[in-house]
Amino acid sequence: MNKAIFLDRDGVINIERGEYTYLLYDFVLTEGLIDALKVFIDKGYLLIVITNQGGVAKDLYSIYDVENIHNFLKSTLEKEGIKLTEIYYCPHHPDFEKCLCRKPGSLMLEKAIARFDIDASKSYFIGDTERDVEAGKASGVKTIKIEPNSGLSLITNQID
């Protein structure tokens, strides 16, 4: 079985601005991200992004905008020798519709665990909100909550 690091997006991978990030010029990677992801890969982890993107349901931006940022993220990381296994996102928002995938629900994690044959007990979810912690715990992975925009380099030593 594989082990994985599940990563929230806004506040963990890129700077949380306090408003929706859907334009490329607003998408800024957190400090030390590249080095931290390389450490996780060297330790044998798959890297999977799990993110709520409720601005789609609110008609603030489109699926195209989300995928444009995700394609940019993947290509930026690939230039550094880092491959994301997958990016899962929920385009729903509870003010407009009900869904099973939105965090703190664990469906996105559960899908990844099944699809990539992941041992949840050897995996981690790193997020910056309580809903990230809840989603991780509900799916059986260890959780690490960081301060928004603090960077991953502070916690690489907490990962086995």
Side-chain angles (χ1 to χ4, degrees), residues 1-16 21-22 24 27-56 62-92 99-129 131-146 148-160:
M1 294 186 84
N2 294 305
K3 56 186 183 175
I5 302 285
F6 297 97
L7 300 153
D8 177 46
R9 197 188 85 176
D10 301 328
V12 175
I13 290 177
N14 60 286
I15 298 295
E16 170 62 63
T21 299
Y22 59 94
L24 284 179
F27 189 79
V28 178
L29 299 180
T30 54
E31 188 173 335
L33 177 74
I34 301 295
D35 291 337
L37 294 182
K38 286 180 179 180
V39 168
F40 299 152
I41 289 171
D42 288 346
K43 291 182 178 188
Y45 288 91
L46 303 177
L47 302 175
I48 300 173
V49 177
I50 305 289
T51 180
N52 288 343
Q53 293 299 315
V56 173
S62 68
I63 296 270
Y64 170 82
D65 295 319
V66 174
E67 292 183 358
N68 190 40
I69 280 189
H70 291 168
N71 288 334
F72 172 78
L73 173 61
K74 287 189 266 190
S75 67
T76 299
L77 295 178
E78 285 172 2
K79 290 175 188 169
E80 298 290 339
I82 298 167
K83 182 179 184 324
L84 292 178
T85 301
E86 188 60 88
I87 300 175
Y88 289 92
Y89 66 92
C90 171
H92 311 111
C99 76
L100 298 173
C101 55
R102 185 174 174 84
K103 295 178 293 179
S106 59
L107 185 61
M108 291 187 282
L109 285 99
E110 292 169 17
K111 286 173 72 172
I113 289 167
R115 180 178 174 197
F116 297 106
D117 193 31
I118 293 169
D119 183 340
S121 70
K122 294 181 180 173
S123 299
Y124 295 83
F125 191 143
I126 303 169
D128 65 338
T129 66
R131 71 176 165 250
D132 297 325
V133 172
E134 290 177 38
K137 286 181 179 178
S139 64
V141 303
K142 300 169 195 155
T143 61
I144 299 175
K145 184 179 175 192
I146 64 170
N149 306 330
S150 63
L152 294 174
S153 57
L154 300 173
I155 55 100
T156 55
N157 61 345
Q158 295 179 39
I159 307 293
D160 303 330

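Along the sequence shown, residues carry numbers from 1. Every value quoted in this text rests on a predicted model; they were computed, and no experiment measured them.
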In terms of heavy-atom contacts, Asp8 and Ile13 come closest through O-CG1, 3.5 Å
Where is the tightest heavy-atom contact between Ala4 and Ile48, given as atom of each residue plus distance?
CB-CD1, 4.3 Å
Distance, nearest 0.5 Å, that separates [atom1] of [X] from [atom2] of [Y]:
{"X": "Gln53", "Y": "Arg102", "atom1": "CD", "atom2": "CZ", "result": "9.0 Å"}
{"X": "Leu33", "Y": "Leu73", "atom1": "CG", "atom2": "CG", "result": "7.5 Å"}
{"X": "Leu46", "Y": "Lys3", "atom1": "CG", "atom2": "NZ", "result": "10.0 Å"}
{"X": "Ile5", "Y": "Tyr45", "atom1": "CD1", "atom2": "OH", "result": "5.0 Å"}
{"X": "Glu67", "Y": "Tyr89", "atom1": "CD", "atom2": "OH", "result": "3.5 Å"}
{"X": "Leu7", "Y": "Ile144", "atom1": "CG", "atom2": "CD1", "result": "10.0 Å"}

Side-chain donor-acceptor contact under 3.5 Å, Asp160 with Tyr124:
yes
Before giving the answer on side-chain contact (heavy atoms from CB on, under 4.5 Å), spell out for Lys38 and Ile82 the whole-Å C-alpha distance, their side-chain angles and the decisive distance to 0.1 Å.
CA-CA 7 Å; Lys38 286 180 179 180; Ile82 298 167; 3.9 Å; yes
Working note: Leu24 + Ile69, criterion side-chain contact (heavy atoms from CB on, under 4.5 Å); need CA distance, chi angles, decisive distance, verdict.
CA-CA 6 Å; Leu24 284 179; Ile69 280 189; 3.9 Å; yes
Given the options Thr51, Asn52, Asp132, Lys103 meets side-chain hydrogen bond (donor to acceptor under 3.5 Å, both in side chains) only with Asp132
Neighbour count >12 (heavy atoms, 6.0 Å) for atom CD, Glu78
yes
For His92, which residues count as a ring-ring contact (aromatic ring centres under 6.0 Å, His included) partner, sequence neighbours excluded?
none
